[in-house]
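This structure is a prediction, so every number in the text was calculated from the model and none was measured. Reminder, nothing fancy here: chain letters follow the sequence lines and each chain counts from 1.
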Amino acid sequence: MSTVREQTDDGAMLHPEQRAEGDPDAIIRDGRRLDHAEGTSKPLRAHPEPQPRGAKVHGNRPVDQQEAAARFIAAPEHEKMHDERLWDLRQKRDREMHGIPEWEELRSLASAIKEHTLTHLDEYLDQFEANASANGIHVHWARDAAEHNQIVHAILRDNGVKSLIKSKSMLTEECGFRHYMASVGIEVIETDLGERIQQLDNEDPSHVVVPAVHKLRTDVAAVFSRTIGTDPNNSDVHYLAEAQREATRPLILNADAGMTGGNFMVAETGTFVVCTNEGNADLSANVPKLHIASIGIEKIIPRLEHLAVFVRLLSRSALGSPITQYTSHFRGPRAGGEMHVVLVDNGRSERLGLAEFWTSLKCIRCGACMNTCPVYRRSGGLSYGATYSGPIGLIIDPTFNARKYSNLPYASSLNGSCSNVCPVKINIHEQIYAWRRVLVEQHEVPLAKRAAMKAAGVLLSRPAAYRAAIAAADTALAHLPRFVIYNGLNAWGKHREVPHPPKETFHSWDHANRGAKR
Amino acid sequence: MSSRDDILAAIRANLPRVDRPLPHVPLFDDDPPTSLLSAFKDSLHRMGGVFLDPPASGDLLAPLRAKIADAKIVCSTVPEIAGNRDIAGVGVVRDLADVDFAIVRASFAVAETGSVLLSDADLRVNAVAYLAQHLIVLLDPADIVVNLHHAYRRPEFRDRHYACFHTGPSATADIEGVLIHGAQGVRSLSVLPVVRAGDPNH
Ligand code: SF4
């Protein structure tokens with residue numbers, strides 16, 4: 001698109017061989033490569049290779065995350081591209097963080113606002129309901145996934161809806177919404193590109209923000225040629241994206257109803273807020289007459305002034321972009337339209353009562369903990385066999401099913417980088433460790449793993465010693481700490497060798513950095 | 001018991017018994033950029049938007065006219081320029097599907113992020129800002145606030161049923177991180193600095 005030599009952000013690469021020579025696809029402005037939304041900051045290239053599939057799920061039996069991860073790692077083009085792209089998001093996130101002097105203060109505020117709200121959750125939900133209803137929004141309450149699906153189905157039935165366009169929502173994934181709608185004969189069309197790819201491939205999203213990040217362009221070309229009739233030999237990304245846009249547009253124009261999730265609800269105004277990049281959520285909400293939003297009860301915050309804190313943090317943490325392309329505020333239906341909000345519990349009120357785990361409800365689903373996690377980056381989100389993958393998944397999946405997800409808290413090196421990047425300061429790695437203990441107490445954990453847990457536990461119980469151990473091992477967040485990998489107990493050691501010892505760890509970096517500022 | 005009462009009762013039974021006061025949120029505006037307009041322009045460009053600088057001729061609308069010269073369907077909601085698709089006559093939203101350019105005025109803009117706020121009052125029909133192939137936004141340079149903390153004090157968030165920050169065009173990089181402008185919404189977003197008509201201050 002431009003002959004100007006592009007300037008890129010030359011953060012260190014984990015797999016320099018994945019770097020492309022030039023990039024005809026780059027969009028250059030003012031001599032700089034644009035990398036907003038989830039765009040990479042450097043040109044990457046991968047060779048075609050069959051796509052490894054996710055975990056084999058057998059009913060209630062414990063998911064074997066390591067088995068699926070081993071298959072992902074055995075597909076090096078997929079693994080390296082995945083690792084590189086997510087690490088790039090992580091580096092872009094750091095760049096944004098450095099651009100905001102008050103970053104740490106914003107994180108503390110976000111954490112404090114969420115903790116306050118969660119400890120007064122009943123009052124704020126009540127307030128939201130009253131204000132939203134006064135603005136003309138129909139507010140519904142769903143105890144669990146089944147009730148959510150029934151409520152939405154009833155609204156659609158009352159309106160004679162045959163087809164529904166929707167934007168990405170992890171909550172509807174949690175509720176198995178698309179399967180349910182298929183069973184009652186209502187067509188659901190995902191309108192986000194990544195989510196549509198996953199829907200057409202009959203696969204779950206592998207990441208809360210970038211659902212098809214585990215796929216290569218050639219995988220997408222195969223899916224689209226099978227489903228929307230593109231040329232199977234053309235894997236040009238512009239061609240594929242344009243084909244999906246053109247195929248989806250008529251479905252959007254003809255849909256009977258639209259559905260979105262919600263990133264935040266503001267109690268004082270009865271507003272809900274949706275943060276997206278593609279424009280598909282605003283099409284889903286504004287083209288059909290009927291708009292339904294499904295939102296988890298923990299998404300609430302008290303006032304608009306608090307929203308500023310979260311909007312400033314969300315996209316910077318998620319994508320390394322100052323804001324999403326669209327931040328949409330819905331306070332009431334448009335003239336002649338109808339708007340519904342379904343407030344969903346589905347285990348959240350119970351989680352609130354877990355002394356060690358209730359702060360996991362602060363999560364704003366930014367995905368930063370996933371992007372920084374060396375285990376997640378190298379095993380792919382589908383290896384977890386659960387709606388939520390990566391570090392945040394490890395601490396909330398067991399609340400849905402302790403037996404099925406009993407292995408997941410072991411898919412971590414407990415290096416703590418997830419907690420360090422979390423914009424709402426959830427002590428993720430400590431909760432992962434606490435889950436190991438809880439699951440051992442509940443006899444959900446096999447013997448070999450209990451031994452591994454003890455080794456890590458000794459260090460974790462002494463945070464200073466733990467950090468020193470990481471520094472001494474000359475490792476950093478980009479990689480698994482060697483002493484964790486090669487202790488002979490952790491299956492994670494079998495598949496990897498660690499390249500490029502980095503110069504400093506997060507804590508030494510953080511320490512030096514703070515010193516410089518004060 | 002209704003589901004509502006059930007859920008609220010479960011929450012009350014499980015509320016963590018800890019004291020967590022609501023913190024005060026500062027405005028973080030101690031060190032504003034010297035020019036809000038140039039800060040806004042920089043942020044907008046980073047996010048893929050285009051700022052149309054006023055030409056030397058002084059004819060502020062010239063770059064806009066050049067942009068839409070070859071367009072078949074132009075839908076304008078602003079008095080400064082006439083289109084050929086009257087938004088007041090739009091019966092069903094679908095009627096906007098063939099719009100090439102939509103022209104609207106922003107309520108205000110945010111220097112920190114390069115965002116423009118478009119409310120239901122600005123858009124008349126909300127979908128026009130997403131169904132059009134391209135979007136041109138008029139912005140009064142006096143309507144730029146420094147950051148999101150200031151933005152959320154604006155009345156639009158309390159008065160309007162719909163208000164959306166647009167920051168550059170619709171975009172995706174869901175396939176291998178390759179950035180595409182024009183995912184499901186507009187393929188480009190341009191901002192033109194034009195003082196509000198009828199503003200007594202100008
Ligand atoms: S746990 Fe924190 S870092 Fe992870 S997705 Fe949630 S908010 Fe983001």
Which portion of A:P333 sits near chain B, non-hydrogen atoms under 4.5 angstrom: both
pair B:S170-A:N277: side-chain heavy atoms closer than 4.5 Å: no
Donor-acceptor pair between A:Q325 and B:T167 side chains, under 3.5 angstrom: no
Proximity breakdown for A:T276 and chain B, heavy-atom pairs closer than 4.5 Å: neither
Modelled atom types, side-chain donor and acceptor of B:H149 and A:R312, under 3.5 Å: yes
A:L109 vs B:P26 side-chain heavy atoms within contact, under 4.5 Å: yes
Near-ring test A:H36/B:H181, centroid separation under 6.0 angstrom: yes
Non-hydrogen side-chain atoms of A:R303 and B:Y152 separated by less than 4.5 Å: no
Aromatic contact, A:H329 with B:F157 (centres under 6.0 Å): yes
Pair B:Y162 + A:F330: ring centers closer than 6.0 Å: yes
Pair A:E305 + B:R154, salt bridge at N-O below 4.0 Å: no
Portion of B:S119 that has a non-hydrogen atom of chain A nearer than 4.5 angstrom: neither
Carboxylate-amine/guanidinium proximity below 4.0 Å for A:R45 and B:E176: no
Option in A:V210, A:V220, A:L307 with maximal non-hydrogen atom pairs under 4.5 Å from chain B: A:L307
Atom CD of A:E96 with >12 non-hydrogen neighbours under 6.0 angstrom: yes
NZ/NE/NH1/NH2 to OD/OE distance under 4.0 Å, A:E242 and B:R187: yes
Residue selection (most heavy-atom pairs with chain A, distance under 4.5 Å) from B:A171, B:G185, B:A10: B:A171
B:I11 side chain reached by A:I297 side chain, heavy atoms, under 4.5 Å: yes
Most chain A-contacting option - heavy-atom pairs closer than 4.5 Å, from B:P169, B:A13, B:A97: B:P169
Min side-chain heavy-atom separation B:V93-A:R334 under 4.5 Å: yes
Salt-bridge contact A:E147-B:R4 (side-chain N to carboxylate O under 4.0 Å): no
A:E278 vs B:D174 side-chain heavy atoms within contact, under 4.5 Å: yes
B:M47 and A:P322, any side-chain heavy atoms less than 4.5 Å apart: yes
Polar side chain donor-acceptor pair, A:T119 to B:R20, under 3.5 angstrom: no
Non-hydrogen side-chain atoms of B:S115 and A:I323 separated by less than 4.5 Å: yes
Contacting moiety of B:D5, where chain A heavy atoms sit under 4.5 Å: neither
Selection from A:M339, A:R316, A:R351 maximising heavy-atom pairs under 4.5 Å formed with chain B: A:R316
